[in-house]
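Sequence positions, counted from 1, serve as the residue numbers for this chain. Indexing begins at 1, ligand by ligand and atom by atom, following the structure's order. All figures in this text were calculated on a predicted structure; none of them were measured in a lab.
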Amino acid sequence: LTQDELKKIAAYKAVEFVESGMVLGLGTGSTAKHAVDRIGELLRLGKLKNIVGIPTSKKTQEQAVSLGIPVSDLDHHSTIDLAIDGADEVDPQLNLVKGRGGSLLREKMVEGTCKKFICIVDESKLVKHLGGSGLAMPVEVVPFCWKFTANKLQNLFEDSGCVAKLRNDSKGKPFVTDNGNYIVDLYLKKDIGDLQVASDAILRIAGVVEHGMFLDMATTVIVAGELGITIKNK
Ligand code: DER
């Protein structure tokens, strides 16, 4: 099975937990895309009714609208029944790294106010500890003096051999999030120790808007692997 087929399997399994009348958080990324497609298909087939989607990015909003999924926002629905979204890393305690797609702020706002958050991944996302994979730990920062903020972040994790890099788009310009901010990616050579301590320290830096560690937020993780589907509950 290809990675995308595994993503689709996890996504379809998660949509089995969607009930008519729900207010749904719609995730962002290639895995969540399959879940949004499936929700649209079930609505079209009449197998789901009265769904309201709260998108976690402009991209997902466009996808939902194109599928005929009614969309709204947190100002109109401050509590969400179920959010379905992907992740870049999942540790054994269901802590996540998200944001390599650049949508972490709206994802964290939506997934921080839902009764249930089902995270959908293929097995390649499973890690023992967050942050040590050498892949990006995204941090959304204000554009104003971003270098100042990036240096503060780099110094914070200097004992983990951290390198902070501004994320650029395909044209080599700074990537700009849906919220008009920049992303500084942290590349760590060692696992992050105490995740909550790290989270608090990052958020104390004034130029930081939000980071990509989603701690104690997922209530369920659905993992699709070569040997089948695993459902991990908090
Ligand atoms: O950027 C994000 O937060 C995405 O949800 C990411 O974490 C997962 O993206 P993928 O499903 O394309 O791997």
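Exactly one of V221, V127, V97 qualifies for a side-chain contact (heavy atoms from CB on, under 4.5 Å) with V90. That residue is V221.
Within ligand 1, the atoms closer than 4.0 Å to a non-hydrogen atom of G99 are 1 (O), 2 (C), 3 (O), 7 (O), numbered from 1 in the order shown. Less than 4.0 angstrom separates some heavy atom of G86 from each of these atoms of ligand 1: 5 (O). Heavy-atom proximity to G101, at under 4.0 Å, picks out these atoms of ligand 1: 1 (O), 2 (C).
For atom 9 (O) of ligand 1, the nearest non-hydrogen atom of the protein is G29 CA, 4.0 Å. Of the protein's heavy atoms, T28 O, 3.2 Å lies nearest to atom 4 (C) of ligand 1. Counting protein heavy atoms only, atom 11 (O) of ligand 1 is closest to T31 OG1, 2.7 Å.
Inclusion of K125 in the set of residues having an N or O under 3.5 Å from an N or O of ligand 1 is warranted. Note: no N/O pair closer than 3.5 Å links A32 and ligand 1 by distance alone. Between V97 and ligand 1, a contact under 3.5 Å exists for no N or O pair.
E5 has no carboxylate O lying under 4.0 Å from a charged side-chain N of K8, or vice versa, which leaves the two without a salt bridge. We find that K98 and D85 are joined by a salt bridge, their nearest charged nitrogen and carboxylate oxygen being less than 4.0 Å apart. Using a cut-off of 4.0 Å between Lys/Arg side-chain N and Asp/Glu carboxylate O, E62 and K59 are scored as not salt-bridged. A salt bridge links D185 with R167: the distance from a Lys NZ or Arg NE/NH1/NH2 to an Asp or Glu carboxylate oxygen falls below 4.0 Å. Ion pair K108/E210 flagged as a salt bridge, since at least one NZ, NE, NH1 or NH2 atom sits closer than 4.0 Å to an Asp/Glu carboxylate oxygen.
Among D85, V90, I120, D88, the residue whose heavy atom lies closest to atom 6 (C) of ligand 1 is D88.
Proximity of G27 to ligand 1 is not established, as no heavy-atom distance is less than 4.0 Å. Residue-ligand proximity: K33 is placed with every non-hydrogen atom at 4.0 Å or more from ligand 1.
With no hydrogens or angles considered, no side-chain donor-acceptor pair links N50 and S20 at under 3.5 Å.
For N233 against T220, the heavy-atom pair with the smallest separation is OD1-OG1, 2.7 Å.
With a 4.0 Å heavy-atom cut-off, ligand 1 is reached by the backbone of R100 but not by any atom from C-beta on. Contacts with ligand 1 closer than 4.0 Å are made by heavy atoms of both the backbone and the side chain of S30. Contacts between L104 and ligand 1, counted as non-hydrogen atom pairs separated by less than 4.0 Å, are absent for every part of the residue.
M213 has its side chain out of reach of L96: every pair of non-hydrogen atoms, C-beta onward, lies at least 4.5 Å apart.
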Side chains of residues 25-37: which donor-acceptor partners sit under 3.5 Å, not counting sequence neighbours?
from : atom 1 : to  : atom 2 : distance (Å)
T28  : OG1    : T56 : OG1    : 2.6
T28  : OG1    : S57 : OG     : 2.8
T28  : OG1    : T60 : OG1    : 3.1
S30  : OG     : K7  : NZ     : 2.7
K33  : NZ     : D37 : OD2    : 2.9
H34  : NE2    : D4  : OD1    : 3.0
H34  : NE2    : D4  : OD2    : 3.3
D37  : OD1    : Q63 : NE2    : 2.9

